[in-house]
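Heads up: the structure comes next, in structure tokens.
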Amino acid sequence: MNDLGLETQRAELAAIAPELLEKIRHDVGPKELPPLPDAVDAAVVLRLAPYPSGPLHIGNARAFVLNDAYTKRYHGKLLLVFDDTIGSEEKPLLPEAFDQVKEGLEWAGVEYGEVLYKSDRIPLHYEWAEKLLATGEAYVCECDAETLRKNREAMRACVHRIQDVDETIAMWKAMLAGEYGEGEAVVRLKTDMAHPNPAFRDRVLFRVAVREHPRVGTRYRVWPMLEFSWAVDDALLGITHVLRGKDLVMEDLMETRIWDILQVDRRPRFVHFGILRFKDLELSKSRYRKEIAEGRLTGIDDPRTWTLQSLRRRGIRPAALREFVLSFGLSLNDIEVPAETLYAENRKMIDKDANRYFFVPDPVVVEIAGLPPIERVKAPLHPDFPGRGVREIPAGSKVEVAREDFTKFRGQEVRLKDFCNVVLDHRARFISMANKEIPKIQWVTHGVQTHLVMPDGTESRGLSEPLVGSLKVDDVVQFERVGFARIDHVSKAEVRAYFAHR
RNA sequence: GCUCCCGUAGUCUAGUCCGGUCAAGGAUCGGGGCCUUUCGAGCCUCAGACGCGGGUUCGAAUCCCGCCGGGAGCACCA
């Protein structure tokens, strides 16, 4: 039958069971994440491991959204474990970052349970280190960083690798006792100096760092590296699945190797996702931290930082960020997306809630000659929901319009939206009241000073209709033909809003 | 250079494990139209993709081999 060829088979089938030839269009439901390997409902334990060097930004979103989504899907637990080992000179810990991270997660709707700190767990790491050293599978190395690197490159073992266990343990005690300065000794795992992957040749597990830690001060001077601390904590905390970016695949190998040596049975499954990048956007905590310190950015919620705080300030909904991230699934592709994709998601969510108002950036005064006496006009708060009511806009013969519109339409007939038709100029000529199919522009009288902070940090200044002065902070509105914005500050003198997107 | 990972429309993604209902689905972007007193939303519509070359098979996006392209790691950072 099978070597008959499709056409013959089809003909045969048409003869015996024609209904089977009907094309089945399976409807595509909402996108779902693939299942986690070996996941058991209500028994999944995941962890979030932020490094507290600053608030979370959009580039971190994939990690926390996926972890949260899977936790909820399996009714599991999500631990927040601050990865606050001592770090490096270039990436110092920031005391205020702990709260900034939590604030961001809470805004994002990430429901974490227990909060833990790596810096509280150092004694546990020491215990495990001693177990490991006792097996002879790790050693204390006194080579300097440069020597170590060169040996690694040359696949050459150093003298420390073959020293005996007693000597190694004595050196470890000496490390803890403070007999080594920074850079003078490290603990290394014996993997294989000839391993084909140069990244996997006797990696460092502990090093000496005599910096002050924001939580535990100078209590420790021997600090674990990420791979080792997680080998300990993933096991001890009963983590079932580790979801991490694929930049951390080597860490899987390291953790696995350590568990093999110490015969740890309970191990998490590793799941990776590709690197997420944003087009035309360079995310760097250390850079924006520096720029905030220098006063070049206004703070951690400056739109140029792309922190969660800054997204909130612009009126981006957490649900939009979540949908945006989930749309990438769990693929291992490295992806680069434009922020526009996030905006599209957000626009769907805020459009129905955002009432419409006129904002006129960089205004130009226009006197309308021949205007009948009119004191106010009405316009819908939202064109798609007439039931929401109307807003009253004071009108008059002296109005202000955006310079851009003025320049573009000067001398032409335009409609001042919801008001009247004029031939536009400094002295405009009234034509008629009734609506017409001509370009419509926004206008104001008795406008309130309005500053619109743009994503690039610049401000668009102008006037908006008086009602904007009675909006509340956090209201998200649409300035017609300008875009969506969140009201950030309202005072008698002025309104400040943050631009979200068109 | 070495190791690992990944290649479906401009972008993101479903499908790839278990080859045929895939003449490849969705989203976004772009074109056109309708509607609308916004350049927003909504509705309709058009355009657009299996990196390349071999092989296996009646049949390949799906399996195999080779190539090409992209990314990550190769820190005493995380």
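A note on names: the letters A, B, ... follow the listed sequences, proteins ahead of strands, and every chain is numbered from 1. As the structure is a prediction and not an experimental result, all values here were calculated from the model.
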Handout entry: Phosphate contact (rU36(B) OP1 or OP2) by R356(A) side-chain N/O below 4.0 Å
Key =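 No, outside the criterion.
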Exercise for the section: Verify the contact: side-chain N or O of R502(A) to OP1 or OP2 of rA41(B), cut-off strictly under 4.0 Å; return yes or no. Expected result: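 Negative; the distance criterion is not met.
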Under-3.5 Å N/O pairs linking protein and nucleotides 29-33 of chain B:
none

Handout entry: side-chain hydrogen bond (donor to acceptor under 3.5 Å, both in side chains) against H160(A), all qualifying residues, sequence neighbours excluded
Key =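 So H160(A) forms no side-chain hydrogen bond (donor to acceptor under 3.5 Å, both in side chains) with any residue.
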Exercise for the section: Applying side-chain hydrogen bond (donor to acceptor under 3.5 Å, both in side chains), name anything that partners D202(A), two or more places apart in sequence or on another chain. Expected result: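 side-chain hydrogen bond (donor to acceptor under 3.5 Å, both in side chains) list for D202(A), sorted by chain: Y139(A), R161(A), T191(A).
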Hey, does [X] reach any base, or is it just sugar-phosphate, or nothing, if we go heavy atoms under 4.0 Å?
X: D83(A); value: sugar-phosphate
X: I441(A); value: nothing
X: C420(A); value: nothing
X: T85(A); value: sugar-phosphate

Handout entry: Qualifying side-chain hydrogen bond (donor to acceptor under 3.5 Å, both in side chains) pairs, either residue in residues 176-186 of chain A, two or more places apart
Key =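 For residues 176-186 of chain A, and leaving out neighbouring residues, the side-chain hydrogen bond (donor to acceptor under 3.5 Å, both in side chains) pairs sorted by first residue read E142(A)-Y180(A).
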Exercise for the section: Using the side-chain hydrogen bond (donor to acceptor under 3.5 Å, both in side chains) rule, take N421(A) and R415(A) through it: C-alpha gap first, then chi angles, then the decisive distance, then the call. Expected result: CA-CA 4 Å; N421(A) 312 311; R415(A) 178 160 180 80; 2.9 Å; yes
Choose from [options] the nucleotide whose nearest atom is closest to any side-chain atom of [X].
X: D418(A); options: rU37(B), rG71(B), rG73(B); value: rU37(B)
X: D247(A); options: rG71(B), rG40(B), rA78(B); value: rA78(B)
X: K348(A); options: rC76(B), rA27(B), rU3(B); value: rA27(B)

Taking ring pair (Phe, Tyr, Trp, His ring centres under 6.0 Å) as the definition, give me every residue that meets it alongside [X], ordered by chain and number, with sequence neighbours left out.
X: Y112(A); answer: none
X: Y117(A); answer: F82(A), F98(A)
X: F64(A); answer: none
X: F228(A); answer: F206(A)

Practice task
Compute both the distance and the angle, then confirm whether K118(A) meets the cation-pi test with W223(A): under 6.0 Å from the six-membered ring centre, within 45 degrees of the axis.
Solution key: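 Negative - K118(A) is either too far from the ring of W223(A) or too far off its axis.
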Practice task
Report yes or no: is the cationic atom of R314(A) (NZ for Lys, CZ for Arg) closer than 6.0 Å to the six-membered ring centre of W306(A), at no more than 45° off its axis?
Solution key: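 Ring-cation test returns yes.
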Problem - Earlier contact from the 5' end, RNA chain B, for Q478(A) and R211(A) - result: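 Going by which nucleotide is closer to the 5' end, it is Q478(A).
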Practice task
On RNA chain B, check which nucleotide each of M433(A) and R277(A) is closest to and give me the residue with the more 5' one.
Solution key: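 Residue closer to the 5' terminus by nearest nucleotide: M433(A).
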Practice task
For R47(A) and N67(A), test the side chains for any donor-to-acceptor distance below 3.5 angstrom and give the result as yes or no.
Solution key: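 Judged by distance alone, the side chains do not pair up.
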Practice task
Would you indicate whether E146(A), at its atom CD, is surrounded by more than 12 heavy atoms from other residues, nucleotides or ligands within a distance under 6.0 Å?
Solution key: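 Yes, enclosed.
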Handout entry: Neighbour count >12 (heavy atoms, 6.0 Å) for atom CD, E404(A)
Key =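 No, because the 6.0 Å sphere around CD of E404(A) holds 12 heavy atoms or fewer from other groups.
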Between the protein and nucleotides 6-12 of chain B, list the N/O to N/O atom pairs that are separated by less than 3.5 angstrom.
from: rC6(B); atom 1: O3'; to: N333(A); atom 2: OD1; distance (Å): 3.1
from: rC6(B); atom 1: O2'; to: N333(A); atom 2: OD1; distance (Å): 2.5
from: rG7(B); atom 1: O5'; to: N333(A); atom 2: OD1; distance (Å): 3.4
from: rU11(B); atom 1: O3'; to: E336(A); atom 2: O; distance (Å): 3.3
from: rC12(B); atom 1: OP1; to: E336(A); atom 2: N; distance (Å): 3.4

Practice task
Rounded off to whole Å, could you give me the CZ-to-P distance for the F484(A) and rU38(B) pair?
Solution key: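 It works out to 13 Å between those atoms.
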Exercise for the section: Working to the nearest 0.5 Å, report the span between CG of L94(A) and NZ of K91(A). Expected result: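 Between L94(A) CG and K91(A) NZ, I get 13.5 Å after rounding to 0.5 Å.
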Handout entry: N/O donor-acceptor pair under 3.5 Å between R201(A) side chain and R152(A) backbone
Key =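 Such a contact is found between R201(A) side chain and R152(A) backbone.
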Problem - Residue-level proximity of residues 198-206 of chain A to RNA chain B when a heavy atom falls under 4.0 Å - result: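 Output list: P198(A), A199(A), R203(A), V204(A).
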Problem - Residues within residues 171-184 of chain A bordering RNA chain B, heavy-atom distance below 4.0 Å - result: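 Hits under 4.0 Å, by residue number: G183(A).
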Practice task
Just need the stems in RNA chain B: three or more back-to-back Watson-Crick or G-U pairs, each with both distances under 3.5 angstrom, sorted by first number.
Solution key: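 In RNA chain B, stems of three or more pairs: B:1-7 with B:68-74, B:10-13 with B:25-28, B:30-34 with B:42-46, B:51-55 with B:63-67.
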Handout entry: Student check: side-chain heavy atoms of V115(A) and K102(A) closer than 4.5 Å
Key =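 Yes, side chains in contact.
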Handout entry: V271(A) side chain near V242(A) side chain, heavy-atom distance below 4.5 Å
Key =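 Heavy-atom side-chain distance check fails, nothing below 4.5 Å.
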